Amino acid sequence: MSEIAENIKDICSRIQKAAERGRRGADEVKLVAVTKTVDAERVNEAIRSGIRSIGENRVQEAEEKFKLITERVEKHLVGHLQTNKAKKAVQLFDFIQSVDRERIAQEISRRAKDLGKAMEILVEVNTSGEETKFGVHPDKALPFIETISKLEGIKIKGLMTVGLFSENPEEVRPCFKKLKKLFEKIKSANLPNVEMKFLSMGMTNDFEVAIEEGSNMVRIGTGIFGPRG
Ligand SMILES: *Cc1c(COP(=O)(O)O)cnc(C)c1O
């Protein structure tokens, strides 16, 4: 078995155990393999080893790479999106996970309408309070979603966060708790055009804690492909 295949197997069994601790099934947790800086050959190898969703953080890199990916997999944009790249992003991706301001939501909406597409998006929330992080403030998330839910061409499908930058996953747990609470609050608001389906939280260092706290979508790069060069 290749190293990538072994890593995927290991991650999947850890996802399963964490899901059990959270009293859920492993099939309720979607694994998105984050392929930024990973060449197409290794991405294809991951796909041959069972990966069905991939995530990129830069539109330009994704555009080049996707030409070399032959299998149909679900494609997620997980990185910050600039308005001048919105059109490309709408063309290339199935999900945009990083919507965090009205201007970009409007631009995605406009481009999606032009292309006759309903773009599935997640709203990125800054749960750590770190200034270097993107995302809407947790207190602003509900009014933000109310506003952008009126735009055509987009479908709001959930929330995403990048937790506190820390080696110790226990320090990140409060970020995940906060996002889960917000997720439930927005869900119970029952807004038109808003389906709180995906709670995207957890990366290589903290995905088990994230799943324990209710994540149903983890984004894993290093754990599958090794350290980025
Ligand atoms: C890079 C990245 C990941 C994956 O990080 P790893 O620690 O390598 O698993 C997940 N989410 C986002 C938004 C990223 O930019």
Side-chain angles (χ1 to χ4, degrees), residues 1-38 42-43 45-47 49-57 73-74 76-79 95 97-98 122-130 132-135 138 141 157-187 196-228:
M1 206 190 284
S2 74
E3 196 179 331
I4 287 174
E6 272 180 36
N7 289 344
I8 291 169
K9 200 175 149 215
D10 175 58
I11 295 281
C12 288
S13 90
R14 288 167 63 191
I15 288 174
Q16 181 168 358
K17 291 194 186 95
E20 280 164 11
R21 287 195 298 278
R23 294 192 178 73
R24 286 175 305 142
D27 56 351
E28 291 170 50
V29 181
K30 189 192 275 279
L31 168 59
V32 178
V34 176
T35 51
K36 64 188 185 204
T37 78
V38 176
R42 295 169 74 229
V43 178
E45 157 104 53
I47 294 168
S49 309
I51 289 297
R52 285 292 159 264
S53 304
I54 61 173
E56 285 283 339
N57 71 336
V73 287
E74 203 173 79
H76 295 245
L77 180 66
V78 298
F95 277 87
Q97 296 208 8
S98 49
L122 305 184
V123 168
E124 181 170 358
V125 179
N126 182 344
T127 52
S128 70
E130 292 165 292
T132 52
K133 292 270 164 70
F134 293 108
K157 288 286 174 181
L159 303 179
M160 184 272 256
T161 198
V162 177
L164 184 75
F165 182 77
S166 167
E167 288 289 302
N168 178 2
E170 285 305 325
E171 287 181 5
V172 198
R173 194 183 288 275
C175 296
F176 298 147
K177 272 195 200 299
K178 193 184 283 179
L179 196 68
K180 167 70 172 170
K181 213 170 148 193
L182 196 53
F183 183 80
E184 294 302 334
K185 181 178 158 189
I186 295 168
K187 193 187 263 184
M196 283 291 116
K197 182 173 180 191
F198 295 112
L199 183 54
S200 174
M201 55 188 198
M203 301 163 43
T204 297
N205 280 329
D206 54 26
F207 72 91
E208 288 154 303
V209 167
I211 292 169
E212 288 167 20
E213 296 301 334
S215 167
N216 61 15
M217 185 185 278
V218 293
R219 311 177 307 269
I220 298 187
T222 317
I224 293 173
F225 299 104
R228 285 180 286 273

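Not measured: the values here are computed from a predicted model.
- Minimum heavy-atom separation, P169 to V209: CB-CG2, 3.8 Å.
- Applying the salt bridge (Lys or Arg N to Asp or Glu O under 4.0 Å) definition to pairs two or more places apart or across chains, those involving residues 24-33 are K30-E74.
- Partners of E184 under the salt bridge (Lys or Arg N to Asp or Glu O under 4.0 Å) rule, at least two apart in sequence or in another chain, are K180.
- Although no hydrogens or angles enter the test, the distance criterion places a donor-acceptor pair under 3.5 Å between the side chain of T161 and the main chain of V125.
- For the side chain to side chain contact (heavy atoms under 4.5 Å, CB included) test, residues two or more places apart in sequence or in another chain that qualify with N126 are S128, K133.
- A 6.0 Å sphere centred on CD of E3 holds no more than 12 heavy atoms belonging to other residues, nucleotides or ligands.
- Evaluation of the ring-ring contact (aromatic ring centres under 6.0 Å, His included) rule for F95 yields H76, F198 as partners, not counting sequence neighbours.
- Annotation for S200 and Q97: closest pair OG-OE1, 2.8 Å, computed over non-hydrogen atoms.
- Considering only residues two or more places apart in sequence or on other chains, K177 meets the side chain to side chain donor-acceptor pair (under 3.5 Å) condition with E213.
- Between the side chain of S2 and the backbone N or O of A5 there is at least one donor-acceptor pair closer than 3.5 Å.
- Salt bridge E208/K17: absent, no basic N to carboxylate O contact under 4.0 Å.
- Across I54 and V32, no two heavy atoms sit closer than the pair C-CG1, 3.6 Å.
- With sequence neighbours excluded, no residue forms a side chain to side chain donor-acceptor pair (under 3.5 Å) with K36.
- Taking the side chain to side chain donor-acceptor pair (under 3.5 Å) definition, one finds that E167 meets it with nothing, sequence neighbours left out.
- For S13, the side chain to side chain donor-acceptor pair (under 3.5 Å) test picks out no residue, with sequence neighbours left out.
- Using a 4.5 Å heavy-atom threshold, the side chains of N57 and V34 count as separate.
- Closest heavy-atom contact between C175 and T127: CB-OG1, 3.3 Å.
- Under the rule for a salt bridge (Lys or Arg N to Asp or Glu O under 4.0 Å), R52 has no partner lying at least two apart in sequence or in another chain.
- Residues A210 and G202 come closest through the heavy atom pair CB-CA, 3.5 Å.
- Judged as a side chain to side chain contact (heavy atoms under 4.5 Å, CB included), and not counting sequence neighbours, the contacts of A46 are I4, I8, I51, F225.
- To the nearest 0.5 Å, the span separating CG on L159 from CG on L179 amounts to 5.0 Å.
- Once rounded to the nearest 0.5 Å, the distance linking CE of M203 with CZ of R219 reads 6.0 Å.
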Practice item. Under the side chain to side chain contact (heavy atoms under 4.5 Å, CB included) rule, what do I11 and F207 come out as? Steps first, then yes or no, please. Key: CA-CA 10 Å; I11 295 281; F207 72 91; 4.1 Å; yes

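- Looking at residues two or more places apart in sequence or on another chain, you find a ring-ring contact (aromatic ring centres under 6.0 Å, His included) between F134 and H80.
- In this structure, NZ on K197 lies 10.5 Å from CZ on F183, to the nearest 0.5 angstrom.
- Between the N205 side chain and the S166 main chain, no donor and acceptor come within less than 3.5 Å of each other.
- Taking the salt bridge (Lys or Arg N to Asp or Glu O under 4.0 Å) definition, one finds that E45 meets it with nothing, sequence neighbours left out.
- Atoms NZ and OG, from K9 and S49 in turn, are 11.5 Å apart once rounded to the nearest 0.5 Å.
- The minimum heavy-atom distance between L31 and C12, with the atom names listed, is CD2-SG, 4.2 Å.
- In this structure, CD in E6 is found 13.5 Å from CD1 in I224, a value given to the nearest 0.5 Å.
- For the atom pair CD1 of I211 and CG of D206, the computed distance is 10.0 Å after rounding to the nearest 0.5 Å.
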